[in-house]
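Some notes on the structure that comes next.
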Amino acid sequence: PGIGRRTIFWRRPTGAALTPGEIDFDRLRSAGALLTDGLFAEASLAAAREAKRAGVPVVVDAGSLRDGMLELAALSDFFIASESFARALIEEENPRKACRRIAELGPSLAGVTLGERGYVARNGNTWIERPAHPAAAVDTTGCGDIFHAGFVHGLLAGWTTERSLDFGAWAASRVSLELGGRAGIPDLKDYPGHDAGQREILPG
């Protein structure tokens, strides 16, 4: 307990990739937000373009740097990347530099999650940096997914960007307390919603 390590075995699906023709664009145009990880690049880009035309906010969960991700960043409103994505993008360990590079592509929010070190984000001209919520992690499976889900929840609820990020980070910390990616998903009522420790700093 407390080491927070994980081992995942997986394989790619044998079926054909999702195509733009399989997307329900009517439902997309009436959605509160589009969340995509860009795994199926052609379909993800088609969905993002249509969401943009319809005024639907586009949120990207950038786990790894693959084909189409930078084009997707240009279509997004909120682009939150993993530490490994940021490293691959700028070829060095510098989350702030990665946020700047992402922001240059167009999203109003460019963020990088840093696991137990929290996250850093550039929201317009404001920097937000926060340490992770304390957690004796036993399994980090699903933490990135729930971080993005929590952020989107806040977006749909009309919360500030700062509170939405904090909620995502808090939810991710709760998931890490249980084995598997689902058992630790918390109830909304348990979110303390405090602002202790948050720092907003000007670009430097």
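The residues of the chain are indexed from 1 along the displayed sequence. Nothing here was measured: the structure is a model prediction, and the numbers come from that model.
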Please examine the side chains of [Y] and [X], heavy atoms only from C-beta on, and report whether any two atoms are closer than 4.5 Å.
| X | Y | result |
| --- | --- | --- |
| E178 | D139 | no |
| L34 | P57 | no |
| L109 | N123 | yes |
| I128 | L165 | yes |
| D145 | D61 | yes |
| Y119 | E129 | no |
| W127 | C99 | yes |
| P107 | L105 | yes |

Exercise for review: Ignoring hydrogens and angles, state whether a donor on the side chain of D37 or H148 is under 3.5 Å from an acceptor on the partner side chain.
Suggested key: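 No, because no side-chain N or O of D37 sits under 3.5 Å from a partner of the opposite role on H148.
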
Can you check whether [Y]'s main-chain N or O pairs, donor with acceptor, with [X]'s side chain at less than 3.5 Å?
| X | Y | value |
| --- | --- | --- |
| E50 | A47 | no |
| N94 | K97 | yes |
| D24 | R27 | yes |

Exercise for review: For T140 and S176, run side-chain hydrogen bond (donor to acceptor under 3.5 Å, both in side chains): C-alpha distance rounded to whole Å, both residues' side-chain angles, the deciding distance at 0.1 Å, then the answer.
Suggested key: CA-CA 5 Å; T140 57; S176 76; over 6 Å; no

Rounded distance (nearest 0.5 Å) linking atom [atom1] of [X] with atom [atom2] of [Y]:
| X | Y | atom1 | atom2 | value |
| --- | --- | --- | --- | --- |
| E116 | H133 | CD | NE2 | 15.0 Å |
| S108 | R122 | OG | CZ | 12.0 Å |
| L89 | S84 | CG | OG | 11.0 Å |

If you group Ile, Leu, Val, Met, Phe, Trp and Tyr by side-chain heavy-atom gaps below 4.5 Å, do [X] and [Y] land in one group?
| X | Y | value |
| --- | --- | --- |
| L18 | L39 | yes |
| L28 | L45 | yes |
| I80 | L35 | yes |
| L156 | F147 | yes |
| V138 | V175 | no |

Exercise for review: Check the pair V120, T113 against side chain to side chain contact (heavy atoms under 4.5 Å, CB included), reporting the backbone distance first and the verdict last.
Suggested key: CA-CA 7 Å; V120 61; T113 58; over 6 Å; no

Testing the basics here: between [X] and [Y], what is the closest heavy-atom pair and its distance to 0.1 Å?
| X | Y | result |
| --- | --- | --- |
| A43 | I23 | O-CD1, 3.4 Å |
| I102 | A110 | CG2-CB, 3.6 Å |
| E22 | A17 | OE2-O, 3.9 Å |
| A48 | L72 | CB-CD1, 3.7 Å |

Exercise for review: Measure from the ring center of F79 to the ring center of F85 and say whether it is less than 6.0 Å.
Suggested key: yes

Check your understanding: Is the F78-F151 ring centre distance short of 6.0 angstrom?
Key -> yes

Surrounding [atom1] of [X] (heavy atoms of other residues, nucleotides or ligands, distance under 6.0 Å), is the total greater than 12?
| X | atom1 | result |
| --- | --- | --- |
| R53 | CZ | yes |
| R182 | CZ | no |
| E92 | CD | yes |

Practice item. In sequence, state the C-alpha distance, the side-chain angles, and the governing distance for F167 and L188, and then conclude on side chain to side chain contact (heavy atoms under 4.5 Å, CB included). Key: CA-CA 9 Å; F167 179 63; L188 179 60; 3.6 Å; yes

**Study point:** With R87 via side chain to side chain donor-acceptor pair (under 3.5 Å) - residues at least two apart
**Key:** E93

**Study point:** From CA spacing to verdict: side chain to side chain contact (heavy atoms under 4.5 Å, CB included), V112, S82
**Key:** CA-CA 6 Å; V112 177; S82 69; over 6 Å; no

Review point. Thinking salt bridges, do E83 and R117 make one under a 4.0 Å N-O criterion?
Key: yes

Exercise for review: Please list all pairs passing the side chain to side chain donor-acceptor pair (under 3.5 Å) test where one or both residues lie in residues 62-81, with sequence neighbours left out.
Suggested key: R49-E71, K52-D77, S64-R66

Check your understanding: Should Y191 and R174 be marked as a side chain to side chain contact (heavy atoms under 4.5 Å, CB included) after you check the CA-CA gap, both sets of side-chain angles, and the distance that decides it?
Key -> CA-CA 10 Å; Y191 174 53; R174 300 306 91 188; over 6 Å; no

